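To start, the structure under review is shown below, and the notes come after it.
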Amino acid sequence: MRSGTSVGTWARRRSLRRFLLLLLVVFASETVVMLALEAVDIHLPLFQGAVLDALLLCLVTAPVIWRLFVDPLVEKTAHAQQLAATAQHNYQALIEHSPDAVVVHRQGRFVYVNPACLRYLGYQRAEDLLGRSVAEVVHPDDRSLVAERMLAAGHATEPLPPLQERFVRADGSIVFAEIVAMGTVFDGLPAVLAIARDLTWRRELDGRLATSDRLASMGMLTAGIAHEINNPLSFVLANVGFGADEAAALAEDLRTRELARSHVMDRLAEIRAALDDAREGAGRVRQLARDLKGLSRVRTDEVTLVNLRPVLEGCCNIAWAEIRHRARLVKEYGATPLVEANEGRLGQVFLNLLVNAAHAVPEGAPDRHVIRVETGRDEKGRARVTISDSGCGMSQQVIQQLFTPFFTTKPPSSGTGLGLSICHRIITDLGGEIHVESTPGQGSRFSVKLPAAAEQPAGAGAPHPATPDRARGRVLLVDDDPHTATLIMRALGGEHEVVVTAGAAEAVARLERDPSFDVILCDLTSATCPGTAVHAALRDHTELATRLVFLSGDAVPPCARTLLDTVALPRLQKPFDVRDLRALVRERLAQRAAARVSA
């Protein structure tokens, strides 16, 4: 029995060893199989019967399961970890090298900024921004809007629509950016991801293109504008010459012979009529010069409350030379709210639309065609301006490309293709809309809609108050131009006491000796800027400084521009009408009288 058992055990051991060697070759690793062989040799008495069969089954199946299931799972896990690490590295590299500023902020404070953001805002290290409030780098006028956007982005599951915002760099300069923001998770906590694209260069380019288009428009209108100036200037000169000659002849006749009173009165009436005609012509030239100045204004970043009607009137005056031989100009002005815009850029939009309307109408039949300008409010309370014509109209294919840069239907020598694309950009930047409706052969209709200004001044559009009663006052004039001084002396000397000083030092010395002047007229256009010097000298005398009225021409020196932007004092622009000067002085005297009564 024992010998038979030994023989059976020996046979099983040999069979098992052979089978394990086969597994070593086919499936398992050498280390695993050798350990199994040693276990069988050493502990063979334990492996009898069913136990040995179970061990054999485990030894046979374990390598197979390991190779078929465990190894691929381990390999997939390692590969996934490697891919995740690579992806994270790639994403981080993309963000770090992105040309756009990438920011993550939580509860209004920076928690991450990429190098592009540091360059954009003018900082050297991320530590200069991390932990600081986002509002510190936002332009003060945009902070309330940015706060609302940050709150909305924190609850948004998709990116908010792009919005243009202004930021203050480390050196204090202002830059513009288009911001896209959305909620995210950063370091395991909710946060807001914002991506900013620098628009400063694009705004500068837009400004250059707008200036180029404006100059092109002015060049195209030069001949007509010259004609519009030459006509009134001709009868200004003629009437002034007639009045001067007639006045001299009348004076000589009165000196050498007796004239009937009626005869003298008739001749004086003719002189007055000639001077009235001259005044009217000079007024037309002055208005046209002001309209041109408004259109060519270079400070395109200056945003003010704008009344659309005077802007449209100025554009109609400039474009009249192009319109007069083609169509009748019909103006239907309804009530419109004030808008926040740059007056010069709005003028560029309306002038472009008026000139395009004129060019859509053939020359030679002005009685059969109409160009219509209408204003009013739309259903949302926005200001609406419509410019329509009865010209050739446009197809739908042309309309679809109308606001595309450099697209034009005019000959190469007649248009740049920038006008309408620039108009579209100007209006959309103001939060407005511009639409066109047109039918071939039946004309076109352009509609511009602009949001009303948030604050409408009280009494806007109300009739002007009645002219105050005349009262005699004391006026101090600070002007080094003898012709201007003579004009003002003649205009005001009959009603008021006028004292003339040629410079700021003389004026200040006079005011120190005698501060009883009711109105102080100061020129701003001379090289020495006496108006700024007088204002600086009177800064400590608050009540006296309020009596200042500035006289300025078109070219305002930088020192005076800064003053006009910071103080709220009246300004009379040269060339001015004598009647406007007299009315302003009377108004200032009435205000002083009312202040004395209330005190």
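The shown structure was predicted, so the numbers you read here are calculated from the model rather than taken from an experiment. These numbers come from the heavy atoms of this one structure, side chains and all, not from hydrogens, waters or symmetry mates. Starting from 1, each residue takes its place in the sequence as its number.
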## Note on the structure
Exactly one candidate in Leu145, Val134, Val138, Leu160 meets side chain to side chain contact (heavy atoms under 4.5 Å, CB included) with Met150; the answer is Val134
### Message
Any side-chain to backbone donor/acceptor pair from Ser173 onto Arg169? Under 3.5 Å, distance only.
### Response
no
Spacing of [X] atom [atom1] and [Y] atom [atom2] [to the nearest 0.5 Å]:
X      : Y      : atom1 : atom2 : result
Ile520 : Leu569 : CD1   : CG    : 10.0 Å
Phe550 : Leu572 : CZ    : CG    : 12.5 Å
Thr336 : Arg382 : OG1   : CZ    : 14.0 Å

### Task
Might you work through the side-chain contact (heavy atoms from CB on, under 4.5 Å) test for Val137 and Tyr123, ending with a clear yes or no?
CA-CA 11 Å; Val137 300; Tyr123 291 91; 4.2 Å; yes
## Note on the structure
Smallest heavy-atom separation, Arg328 atom then Asp367 atom, equals NE-O, 4.0 Å
Min side-chain heavy-atom separation [X]-[Y] under 4.5 Å:
X      : Y      : result
Phe446 : Asn352 : no
Leu305 : Glu340 : yes
Ser133 : Arg109 : yes

Short side-chain donor-acceptor distance under 3.5 Å, [Y] and [X]:
X      : Y      : value
Glu322 : His359 : yes
Arg345 : Gln348 : no
Ser98  : Asp100 : no

### Message
Angle between ring planes, Phe186 versus Tyr112, binned at 30° and 60°: parallel, tilted or perpendicular?
### Response
tilted
### Task
Determine the sole option in Ser388, Ser395, Ser444 for which the side-chain hydrogen bond (donor to acceptor under 3.5 Å, both in side chains) test with Ser438 is passed.
Ser444
### Task
Starting from the C-alpha separation in whole Å, work towards a yes-or-no answer on side chain to side chain donor-acceptor pair (under 3.5 Å) for Glu437 and His435.
CA-CA 7 Å; Glu437 303 171 10; His435 301 286; over 6 Å; no
### Message
Taking atom CD as the centre, does Glu136 end up with more than 12 heavy-atom neighbours from other residues, nucleotides or ligands that are less than 6.0 angstrom away?
### Response
yes
### Message
For the CZ atom on Arg368, are there more than 12 heavy atoms of other groups (residues, nucleotides or ligands in this structure) within a distance under 6.0 Å?
### Response
no
#### Entry: Pair Arg384 + Asp378: basic N to acidic O under 4.0 Å
no
